[in-house]
Amino acid sequence: MGATVFFGCTFVAFGPAFSLFLLTVAGDPLRIIILVAGAFFWLVSLLLASLIWFISVQLSDREDSRLQYGLLVFGAAVSVLLQEAFRFAYFKLLKKADEGLATLSEDGQSPISLKQMAYVSGLSFGIISGVFSVINILADSIGPGIVGIHGDSPYYFITSAFLTMAVVFLHTFWGVIFFDACERRRYWSLALVVASHLITSGLTFLNPWYQASLVPIYIITISMGVWAFFTAGGSLHNVLTCLSCKQEEENRVMLYSALQVPVED
């Protein structure tokens, strides 16, 4: 049972991210470098946030439970702000790297666009964030023990897996929106990305009331996904064309066949 829960939750949490990595990143060495570097930037932000939270706990009264809970909320907020600050720093670094790549290329064009770099960097933030948030939970899912035997929710593992999947997607969408906002100097978009990140982190404190946390987080995820889609250049026409491409190809084949001149004997 433990192995089943472990593999099931792992595939739920990281299956979509692994698919995106294989289909869109693994075949390009430059994208892999951007992915690894983005994960490093996120780790540095986590290290700084952990240090700030650790120092604040050491300087406070550990017997005061309300104070410790407040420091936990404070640490989560600081972590979000540091993540977005390092996302901005990574944008600046990639912008400089993009200019250098364009200078070195023969045609004066960079081999990777800014939107592609935004997507890969967002995916890297999401993957490493998901790994650190759920790795201990997955380790505990192997056993021994049964979740909910003392009256707790039996949906702890599967909820954590779906929450991790949402966080991976959110970081990917935030990366696309954030880079575009920095490029176009749309400060209101930057503020919305940071605010949605803070709200998402704050909603996790409602657990184990999972309905109150997971549903709003997925609403935010879908909203950010639609926003990122249009930011990346998508449109409803593209979606309709993609969905009807097979039918259009068949119509073209039929039209071509009807217009063909019959071969004379």
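Predicted model, so just to flag it, every value in this text is computed and none were measured. Basis for what follows: all heavy atoms, side chains included, without hydrogens, waters or symmetry-related copies.
- Residue Thr231 holds its OG1 atom at 11.5 Å from CZ of Phe173, rounded to the nearest 0.5 Å.
- Side chains of Trp53 and Val78 form no contact here, defined as non-hydrogen atoms less than 4.5 Å apart.
- Residues Leu94 and Ser121 approach most closely at CD1-CB, 4.3 Å, considering heavy atoms.
- Residues Val80 and Val194 approach most closely at CG1-O, 4.4 Å, considering heavy atoms.
- In terms of modelled atom types and a separation under 3.5 Å, the side chain of Tyr210 and the main chain of Ser160 share no donor-acceptor contact.
- Contact check for Trp209 versus Ser213: no side-chain heavy atoms found under the 4.5 Å cut-off.
- With ring centers used as reference points, Trp174 lies 6.0 Å or more from Phe125.
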Pair Phe179, Arg87 - check side chain to side chain contact (heavy atoms under 4.5 Å, CB included), show working.
CA-CA 9 Å; Phe179 276 41; Arg87 197 193 302 272; 4.1 Å; yes
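- By the 4.5 Å heavy-atom criterion applied to side chains, Ser50 and Leu46 are counted as neighbours.
- Taking each heavy atom of Leu236 and Phe230 in turn, the nearest pair found is N-CE2, 4.1 Å.
- Side-chain atoms of Ser129 never come within 3.5 Å of backbone atoms of Gly126 as a donor-acceptor pair (strictly under, hydrogens ignored).
- Linking Ile, Leu, Val, Met, Phe, Trp and Tyr whenever their side-chain heavy atoms come within less than 4.5 Å puts Tyr187 and Met224 in one cluster.
- The hydrophobic clustering, which links ILVMFWY residues whose side-chain heavy atoms are closer than 4.5 Å, places Ile33 and Leu43 apart.
- Two residues are said to be in side-chain contact when any heavy atoms from C-beta on lie closer than 4.5 Å; Pro111 and Leu30 meet this criterion.
- Between the Arg31 side chain and the Thr24 main chain, a donor and an acceptor come within less than 3.5 Å of each other.
- Side-chain contact between Leu35 and Phe21 is present, with at least one heavy-atom pair separated by less than 4.5 Å.
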Apply side chain to side chain contact (heavy atoms under 4.5 Å, CB included) to Ile112 and Ile34, showing your working.
CA-CA 11 Å; Ile112 184 171; Ile34 295 174; 3.8 Å; yes
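- Side-chain contact check for Leu138 versus Phe157: every heavy-atom pair is 4.5 Å or farther apart.
- Ring planes of Phe41 and Tyr90: tilted class, angle from 30 to 60°.
- Cluster annotation: Leu170 and Phe132 are assigned to the same hydrophobic cluster (Ile/Leu/Val/Met/Phe/Trp/Tyr, side-chain heavy-atom contacts under 4.5 Å, transitive).
- The NE2 atom of His197 sits 4.5 Å away from atom CD of Gln83, with the distance rounded to the nearest 0.5 Å.
- Around atom CD of Gln58, more than 12 heavy atoms belonging to other residues, nucleotides or ligands sit under 6.0 Å away.
- A donor-acceptor pair under 3.5 Å is formed between the side chain of Ser196 and the backbone N or O of Leu192.
- With rounding to the nearest 0.5 Å, the separation of CG in Leu214 from CD1 in Ile219 is 10.0 Å.
- The two residues Ala161 and Cys9 make their nearest non-hydrogen contact at CB-O, 3.5 Å.
- For the pair Gln68 and Leu71, the minimum side-chain heavy-atom distance is below 4.5 Å.
- Between the side chain of Tyr156 and the main chain of Ile137, no donor-acceptor pair closer than 3.5 Å is present.
- Between Leu203 and Ala212 the shortest heavy-atom distance is CD2-O, 4.0 Å.
- Ser45 places a side-chain N or O within donor-acceptor distance of the main-chain N or O of Trp42, the cut-off being under 3.5 Å.
- Each of Lys92, Lys115, Lys95 was scored for a salt bridge (Lys or Arg N to Asp or Glu O under 4.0 Å) with Glu183, with one residue passing: Lys95.
- Interatomic distance, Ser124 OG to Phe40 CZ, rounded to the nearest 0.5 Å: 12.5 Å.
- Judged purely by atom type and a 3.5 angstrom limit, Asn207 uses its side chain to pair as donor or acceptor with the backbone of Thr204.
- Phe205 and Ile199 are assigned to two separate hydrophobic clusters, defined by single-linkage of ILVMFWY side chains at heavy-atom distances under 4.5 Å.
- When every heavy atom of Ala166 is checked against every heavy atom of Ile217, the shortest pair comes out as CB-CG2, 3.9 Å.
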In sequence, state the C-alpha distance, the side-chain angles, and the governing distance for Val176 and Phe229, and then conclude on side chain to side chain contact (heavy atoms under 4.5 Å, CB included).
CA-CA 9 Å; Val176 174; Phe229 172 75; over 6 Å; no
Walk me through it: do Ile52 and Leu82 pass the test side chain to side chain contact (heavy atoms under 4.5 Å, CB included)?
CA-CA 11 Å; Ile52 293 173; Leu82 284 174; 4.2 Å; yes
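- Side-chain atoms of Phe88 and Phe178, non-hydrogen and from C-beta on, do get closer than 4.5 Å to each other.
- Heavy-atom contacts from other residues, nucleotides or ligands closer than 6.0 Å to CZ of Phe162 number 12 or fewer.
- Clustering ILVMFWY residues whenever any of their side-chain heavy atoms sit less than 4.5 angstrom apart, transitively, puts Val5 in the very cluster that holds Ile142.
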